[in-house]
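Worksheet: one structure, shown below.
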Amino acid sequence: IKKVSVIIPIYNTKEFLPECLNSVINQTYPNLEILLINDGSDKPCRKVIMEYAKKDDRISVIHSTERKGVGAARNAGMDTATGDYVYFLDSDDYLPLTTIQLLTESIGQYSMLSGSVKKITFKVEADLPERTHKVLENRNKDRLFRNNSVLNRLISLHFIHSHNLRFNEEVECYSDISFLIPAMIYLDRCPYLTDCLYYKRVRNDPITNPALSQLERDKKVGDFLRIYNDMKDCYGNHAAASNFLDQQFLNYYRRSIIMLLADRKQVEQTFNKASISAKKVNPRSMKKLNILVKAEVDQLKKERKAIFSGLIKLHHFLYNAAGAIRSKRKIFLILYRSLFIRLPLKEKTVVFESFLGKNYSDSPKYIYEEMLKSKKGYKFVWIFNEKRKIPGNARQVKRFSLAYYYYLATSKYWVSNSRLPMHLDKRPGNIYLQTWHGTPLKRLVFDMNDVYSANPDYKKHFYKQSRRWDYLIAANQYSSEIFRSAFKYEKEMLEFGYPRNDILHDADREEKAQQVKLQLGLPLDKKVILYAPTWRDDDYYQSGKYKFQLRLDLEEMKQRLGDEYVILLRMHYFIADNIDTAGAEGFAYNFSKHNDIAELYLISDLLITDYSSVFFDYANLQRPILFYTYDLEKYRDTLRGFYIDMEKEVPGPLLRDSSEVISSIENIDIVKKQYKENYGRFYDKYCSWENGNATQRVIERVFK
Ligand code: C2G
């Protein structure tokens, strides 16, 4: 029975390693030699490596004290391998359990057999439904090697040694090409096994710990050109390989190099290197190019930088224009970049946005209303998705309209409680007050595990967007510390409490509450329960539109509590589902669309929530809070992770089902007593900065 040497280079991937190594150890094909090449990883990662080395005696480890790169690590693996075949695996990826068996059973006399590489962002189970697997021999070589990757290929070690196949050690990216080109030349036949998978993880933290494919584009382009030049020098007279390399170069030129050159500075830096490569491209390979690209490559060959640079400008202009024809927003963006952003900055204009234009609420609302009162000659603009009735004379603009771009380009001040889109530029003189929208319980951005995410660009975008913030508000010491790490925020922190919570400390808050109750048409003789849960990362229709299933039995609640209480249902602004209150009329009211949750806090006598930051704010009122955490384990352990131990710290009971919730309300006085001490501690830690002056202090600091 043939032995397979699995070669796994490892550099700081401790959070992915267990999944990777478990998938190897548990392969149905047993005769493995597992070579872990530690490429200068840090201590925590080394620890995981050593734990696994102890677990399975098929594992051996080669350590390098410095990072030499994936090429050197794989070469070291091949030098020590003793198997009949070699199989390369990356330490952040993993395999279905039958992959190596399938390849080994089907390879026969071939020197290399390839499967396919599937990119994944969410967890995929390691075992697959039964499938039939066929070896296809008629695949053309180009198609098989176009991904420039050695992954998911079973390769004869004898073949590797007899042709001295190696990885280039001078580059960080694309070293696979240096292995694959000679392999392609010497292989007579390149079979492909259908439905034989390898899972390639799309990682989501290119800021703290980038995968090779996530390095900066100029670095990647440099490496690519270097490898291309090398390979053309070595194998240029082999017609098929040379043609293949040219196609790779031209594709890469169109996909990546052009994009890099959108930045004018890069033309200077890249021109000479690109020109050396372009000269190596065989004119025959350029026949099918479109005229513009052909002209660009020709100018590169002739080393005419000025003309080349003009063509690149034209290329980007046409590209943007083509985009503009397809979408109105693109036209606005062109105007934004070429015109609006050059107009003078309006020193006394302030743009406000709350929850992505969904409502008039949160700290931006309170800052705005306070500024309205102080009449210092400011002009105000609010961003909304639809027209709203609001006090004052603010100009309302629709999100992503022409006016939106105009005001964001020309207003000195931006006040927002969440992120503004990536495609906006911050110009010199602009001041951006980020109010944020809650004390964190759920782990945020860079404190979230770099494991699965619906959007692999989330952390990267967050990082870029948050570099624009000049001030960030923290409601307590705890938030202030977390924001520094979770957002990698380094500028000024306004440690004043939340403007949105001033109202909770107002002397006339009882009168205000009466007014709100009247406005909302609620009975004045009933006490009010507020139910305000958060959203679940894994339960959605599409990005930004989440599902929610109400797990409170409203009919029973009405029966048992209806004489004394009414309940207000308030869903998170991400929830797209409409909550059904049928059968509980006159008792349950849906205020999910109500602008400002602070007004609902004011009128309620007790709060039911789950993992939402609402409880940190509500605690300012020192009224009872119940935690309806029917999915605590899942939320805490698999979705997000928490900063605090809910079971120990929160100021109320964690409840599991609707009837527990009801009986806690029936016995609310006992609950209050039980949690008195917890509540006191909680209040001191999270609410002690809040005393009704936050808005005033923020305005004094930011609008100097
Ligand atoms: N909110 C609301 N109604 C709900 C839930 C939340 O109006 N049913 C508002 C509250 O102002 C709350 C804010 O939205 O403080 C944030 O909601 P969270 O449930 O905490 O969730 P999220 O939007 O993920 O923000 O640092 C805070 C975190 O970023 C959480």
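Numbering of ligands and ligand atoms starts at 1, following listing order.
- Which parts of ligand 1 touch Met571 is read off a 4.0 Å heavy-atom cut-off, strictly below it: atoms 3 (N), 4 (C), 8 (N).
- Of the candidates Pro440, Ser479, Ser354, Pro533, it is Pro533 that places a heavy atom closest to atom 5 (C) of ligand 1.
- Proximity to Ala532 (heavy-atom distance under 4.0 Å) selects the following atoms of ligand 1: 8 (N).
- Heavy-atom proximity to Gly438, at under 4.0 Å, picks out these atoms of ligand 1: 26 (O), 27 (C).
- With respect to the salt-bridge test (charged N to carboxylate O, under 4.0 angstrom), the residues Glu490 and Arg484 do not qualify.
- Residue, atom and distance of the protein heavy atom nearest to atom 12 (C) of ligand 1 are Ser613 OG, 3.5 Å.
- Residue contacts with ligand 1: Val614 is included, with a non-hydrogen atom under 4.0 Å away.
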Step-by-step side-chain hydrogen bond (donor to acceptor under 3.5 Å, both in side chains) determination, Ser361 to Ser354: CA-CA 6 Å; Ser361 65; Ser354 175; 2.9 Å; yes

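- For atom 6 (C) of ligand 1, the closest non-hydrogen atom on the protein side is His572 CD2, 3.6 Å.
- Pairs of residues two or more places apart, or lying in two chains, that qualify as side-chain hydrogen bond (donor to acceptor under 3.5 Å, both in side chains) and include a residue from residues 378-389 are Arg388-Asn595.
- The side chain of Leu444, and not its backbone, has at least one atom closer than 4.0 Å to an atom of ligand 1 (non-hydrogen atoms only; side chain from C-beta on).
- At a threshold of 4.0 Å, the pair Glu556-Arg560 counts as salt-bridged, since one of the basic side-chain nitrogens sits closer than that to a carboxylate oxygen.
- In this structure Gln214 satisfies the side chain to side chain donor-acceptor pair (under 3.5 Å) test with no other residue, sequence neighbours excluded.
- Both tests hold for Arg500 against Tyr498: distance to the six-membered ring centre under 6.0 Å, angle to the ring axis within 45°.
- At a heavy-atom distance under 4.0 Å, only side-chain atoms of Trp535, from C-beta outward, approach ligand 1.
- Ion pairing between a basic and an acidic side chain is recognised when a charged N comes within 4.0 Å of a carboxylate O; Arg623 and Asp605 show no such pairing.
- Results of the ring-ring contact (aromatic ring centres under 6.0 Å, His included) test with Tyr611 over Phe627, Phe642, Trp535 single out Phe642 as the only residue that passes.
- In terms of protein heavy-atom proximity, atom 21 (O) of ligand 1 is nearest to Lys442 NZ, 3.0 Å.
- Residue-level proximity to ligand 1 for Tyr611 is absent, since no heavy atom of it falls below 4.0 angstrom.
- Geometric assessment of Arg467 against the ring of Tyr463 yields a positive cation-pi assignment under the 6.0 Å and 45° thresholds.
- Selection from Tyr531, Phe483, Phe355, Trp436 by nearest heavy atom to atom 29 (O) of ligand 1 gives Trp436.
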Test log, rule ring-ring contact (aromatic ring centres under 6.0 Å, His included), inputs Trp436 and Phe487: CA-CA 11 Å; Trp436 200 241; Phe487 300 155; 4.9 Å; yes

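- Within ligand 1, the atoms closer than 4.0 Å to a non-hydrogen atom of Arg500 are 11 (O), 15 (O), numbered from 1 in the order shown.
- Across the listed options Arg570, Arg443, His437, Arg570 owns the non-hydrogen atom lying nearest to atom 3 (N) of ligand 1.
- Those atoms of ligand 1 that come under 4.0 Å of a heavy atom in Ile597, given as number and element, are 2 (C), 3 (N), 7 (O), 11 (O).
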